[in-house]
Novice: 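Right, I'll just put the structure down here and ask away after.
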Amino acid sequence: MPDVTEPFDLILFGAAGDLALRKLMPSLYNLHTDGRLNETGKIWALTRPGNNLEAYLETLKQSIQLNEPELDPVEWKGFADRIHHLGLDLDKPAGYNKLKKKLSDRTCHRIYYCAVHSRLYPSIGEQLAECSLITPDSAIVLEKPIGSDLQTAHEINQRIAEYFSEEQIYRIDHYLGKETVQNLLALRFANSIFEHQWNQRYIDHIQITISETVGVEGRASFYEGTGALRDMLQNHLLQLLCMTAMEPPASMDAQAVRDEKVKVLKALKPIKGADILDKVVRGQYEEGISNGNHVPRYKGEPGVSNDSNTETFVALKAEIDNWRWTGVPFYLRTGKRLAKRTCEIVVQFKEVPHSIFELLHKKTMANKLVFRLQPDEGIRLQLCEKRVGNHMQVRPMTLSLNQNENDSKRVPDAYERLLADAINFNPTLFLRQDELMTAWRWADPILQYWESSDQRPDAYNAGTWGPAAATLLLAKDGRLWEENSA
Ligand code: BG6
């Protein structure tokens, strides 16, 4: 991960919000304590009017201490000294003018980070432009989901493009900053043994799961109008699919990588009309036991309406219409309040055409490559080996390519890498506009169908793997989700 050697101003909109307190600031703190931030770099925490620096720092300290109870007082002081606070109304010029005065003598990389709802992005862009705060050395970072459908995403992108050039816009998807995703690229494109097998001749199917045990965690005001498809599938899951399925880019150059991802998104077979019932499952959690505790149903969460139709789970079968992937389903799945917190990409290879060995188990002996992004990061390869003894029996064995076992270094949080990249103006791991719009174009018919139909999400008990229909989605094809086949 490159250091931030240049001086910078990071201006954080929504600094008192959940994302900033839980992820962004702790990541900046880690970058600071690792000595990776330029000494003169400043962080401007922008919150609603009424807050002050002292109160903000106290809240922030408590938040960082959740992960780091033994906060080093010297490191904390150094980090706190970088932070400046400003209360402002996002759609009024007064606060922006104050910001302008404070930044007037600073000529350095200026990064506006929008950790607020995407409907607010246009007014932020407009105020920044009106107050002449956008310098040639400025960039804007936009959090997902950008828009709530194709139309709104288009409108937001158009408005932002009035104030910032495409090169200045960094659309973030923090899953792209996860170490194992980088490793997926290294494994695919630095090892010829895998790349030759990476196609429909050798691969049976691919599963990508992001499962969470948490519920909406007090974010109902955001989640109610969002749901799992917009929150996770349209962005994180599709990005993981792109990284798994894309052709080798000509280089690691940002445009080359994005070009290949767009090609995958364009080749995704549309899921429309009656296909939606067949290939897409949506669910909503009921009460149940999660991590040993009784938890309420989604509709019983504070801020959720009694007749909510919002999906907390989605699973679907995606297909890519190109030479490499025709006939290889990509099963994608995500949900809240599921049995386990995990994120895995499972590449299931085809069985050998004819087995000459006695099988110890009836279960499949096909090779499997698993990229695990969460809770720990690592890669494992399932192979077959001979069982010790006289009989010629084979059994599955797992080869672990686990980072943590071979390398004692702390695995940086995805946001650490992406924040450093954004401050350094390196766009490789951020989304280009056409990428975002192509993803929305594919997801939009599903959302529209759900909105127009009176069908409700399938119920599932908290602490399980989702609705029965999700198991059926694979069973119809004679396959099992990873947790049932391991
Ligand atoms: C965010 C979603 O993008 O990703 C959250 O808005 C979700 O709902 C989170 O909990 C999961 O991220 P991670 O890195 O903890 O898996």
Side-chain angles (χ1 to χ4, degrees), residues 142 144-158 160-161 166-167 169-173 175-176 181 184-185 188-189 195 198-201 203 205-208 210 229-276 278-280 314-334 345 347 427-449:
L142 305 178
K144 47 81 27 194
I146 300 178
S148 55
D149 55 19
L150 183 63
Q151 178 62 27
T152 48
H154 176 70
E155 285 162 11
I156 292 169
N157 275 318
Q158 266 200 329
I160 290 294
E166 179 62 23
E167 289 68 39
I169 304 173
Y170 288 67
R171 299 177 190 83
I172 195 165
D173 184 314
Y175 268 69
L176 293 182
V181 177
L184 167 69
L185 294 188
R188 281 194 59 192
F189 303 132
E195 196 46 27
W198 214 254
N199 56 51
Q200 43 78 24
R201 285 178 64 194
I203 293 179
H205 75 277
I206 291 178
Q207 298 181 14
I208 310 181
I210 308 177
L229 194 138
R230 294 183 176 98
D231 188 36
M232 303 291 286
L233 193 135
Q234 183 271 344
N235 29 70
H236 301 326
L237 279 169
L238 283 188
Q239 284 298 317
L240 295 182
L241 176 143
C242 286
M243 294 306 235
T244 313
M246 72 182 185
E247 295 298 314
S251 68
M252 273 305 283
D253 166 71
Q255 300 307 343
V257 173
R258 292 151 156 203
D259 284 348
E260 295 309 332
K261 288 200 285 164
V262 173
K263 283 186 207 161
V264 173
L265 292 167
K266 286 191 173 158
L268 275 176
K269 191 176 189 158
I271 307 184
K272 292 185 173 165
D275 260 6
I276 293 172
D278 196 39
K279 293 184 181 160
V280 187
V314 62
L316 58 78
K317 176 178 172 178
E319 288 156 290
I320 302 173
D321 278 342
N322 64 18
W323 272 43
R324 190 187 280 266
W325 294 117
T326 256
V328 181
F330 283 69
Y331 300 103
L332 312 183
R333 161 177 76 156
T334 185
I345 303 171
V347 180
T428 310
L429 295 175
F430 295 82
L431 275 71
R432 211 167 53 191
Q433 173 171 2
D434 53 346
E435 216 179 324
L436 174 76
M437 297 313 289
T438 315
W440 270 124
R441 204 162 287 122
W442 183 76
D444 222 34
I446 305 173
L447 289 167
Q448 281 177 14
Y449 179 85

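If you read the sequence from its start, that first residue is 1, and numbering goes on from there.
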Novice: Quick one: which of Leu447, Ile446, Leu436 gives a side-chain contact (heavy atoms from CB on, under 4.5 Å) with Gln234?
Specialist: Leu436

Novice: Distance check, rounded to the nearest 0.5 Å: Leu431 atom CG versus Arg258 atom CZ?
Specialist: 7.5 Å

Novice: Would you confirm whether Trp325, through its side chain, and Met246, through its main-chain N or O, come within 3.5 Å as a donor-acceptor pair?
Specialist: no

Novice: Rounded to the nearest 0.5 Å, what separation is found between the CG atom of Asn322 and the CD atom of Gln200?
Specialist: 9.5 Å

Novice: Between Ile146 and Ala153, which heavy-atom pair has the shortest distance, and what is it?
Specialist: O-CB, 3.4 Å

Novice: Any side-chain heavy atom of Ile169 within less than 4.5 Å of one from Gln433?
Specialist: no

Novice: Mind checking the CG-CE spacing from Asp173 to Met232? Nearest 0.5 Å is all I need.
Specialist: 9.0 Å

Novice: Tell me, with the steps shown, if Arg230 and Asp149 meet salt bridge (charged side-chain N to carboxylate O under 4.0 Å, His left out).
Specialist: CA-CA 8 Å; Arg230 294 183 176 98; Asp149 55 19; 5.5 Å; no

Novice: Please examine the side chains of Lys272 and Asp275, heavy atoms only from C-beta on, and report whether any two atoms are closer than 4.5 Å.
Specialist: no

Novice: To the nearest 0.5 angstrom, please state how far the CG atom of Leu332 sits from the CD1 atom of Ile208.
Specialist: 5.5 Å

Novice: I'd like to know if the side chain of Trp198 and the backbone of Arg188 have a donor-acceptor N/O pair within less than 3.5 Å.
Specialist: no

Novice: Rounded to the nearest 0.5 Å, what separation is found between the CG atom of Asp259 and the CD atom of Glu247?
Specialist: 12.5 Å

Novice: Which atom names give the shortest non-hydrogen contact between Pro248 and Phe189, and what distance separates them?
Specialist: CA-CE2, 3.5 Å

Novice: May I ask you to decide whether Asp278 forms a salt bridge with Lys317, counting only side-chain N to carboxylate O separations under 4.0 Å?
Specialist: no

Novice: Are any of the side-chain heavy atoms of Trp442 and Ile271 separated by less than 4.5 Å?
Specialist: yes

Novice: Identify which one of Gln239, Arg171, Lys266 satisfies the side-chain contact (heavy atoms from CB on, under 4.5 Å) criterion when paired with Glu435.
Specialist: Gln239

Novice: Walk me through it: do Arg324 and Glu195 pass the test salt bridge (charged side-chain N to carboxylate O under 4.0 Å, His left out)?
Specialist: CA-CA 11 Å; Arg324 190 187 280 266; Glu195 196 46 27; 3.0 Å; yes

Novice: Using modelled atom types and a 3.5 Å cut-off, is there a donor and acceptor pairing between side-chain atoms of Trp440 and backbone atoms of His154?
Specialist: no

Novice: Do Leu265 and Cys242 come close enough that some side-chain heavy atom pair is under 4.5 Å?
Specialist: yes

Novice: Taking C-beta and beyond as the side chain, do Tyr449 and Val280 meet within less than 4.5 Å on heavy atoms?
Specialist: no

Novice: Pair Thr334, His236 - check side-chain contact (heavy atoms from CB on, under 4.5 Å), show working.
Specialist: CA-CA 10 Å; Thr334 185; His236 301 326; over 6 Å; no

Novice: In Å and rounded to the nearest 0.5 Å, what is the CD to OG1 distance from Glu155 to Thr152?
Specialist: 6.5 Å

Novice: Within a strict 4.5 Å, meaning less than it, do heavy atoms of the Asp444 and Gln151 side chains meet?
Specialist: no

Novice: What's the shortest heavy-atom distance between Asn235 and Pro145, and which atoms?
Specialist: ND2-CB, 4.2 Å

Novice: Is there a side-chain contact (heavy atoms from CB on, under 4.5 Å) between Ile345 and Ile206 once you walk through the steps?
Specialist: CA-CA 7 Å; Ile345 303 171; Ile206 291 178; 4.2 Å; yes

Novice: Side chains of Val328 and Ile320: does their closest heavy-atom pair fall under 4.5 Å?
Specialist: no

Novice: Could you walk me through whether Leu238 and Leu268 satisfy the side-chain contact (heavy atoms from CB on, under 4.5 Å) test, starting with their C-alpha distance in whole Å, then the side-chain angles of each, then the deciding distance to 0.1 Å, before giving a yes or no?
Specialist: CA-CA 10 Å; Leu238 283 188; Leu268 275 176; 4.0 Å; yes

Novice: Do the non-hydrogen side-chain atoms of Ile172 and Lys144 ever get within less than 4.5 Å of each other?
Specialist: no

Novice: Please check this pair: side chain of Asp321 against backbone of Ala267, looking for a donor-acceptor N/O pair closer than 3.5 Å.
Specialist: no

Novice: Which heavy-atom pair separates Ala254 from Pro427 by the least distance, and what is that distance?
Specialist: CB-CG, 3.7 Å

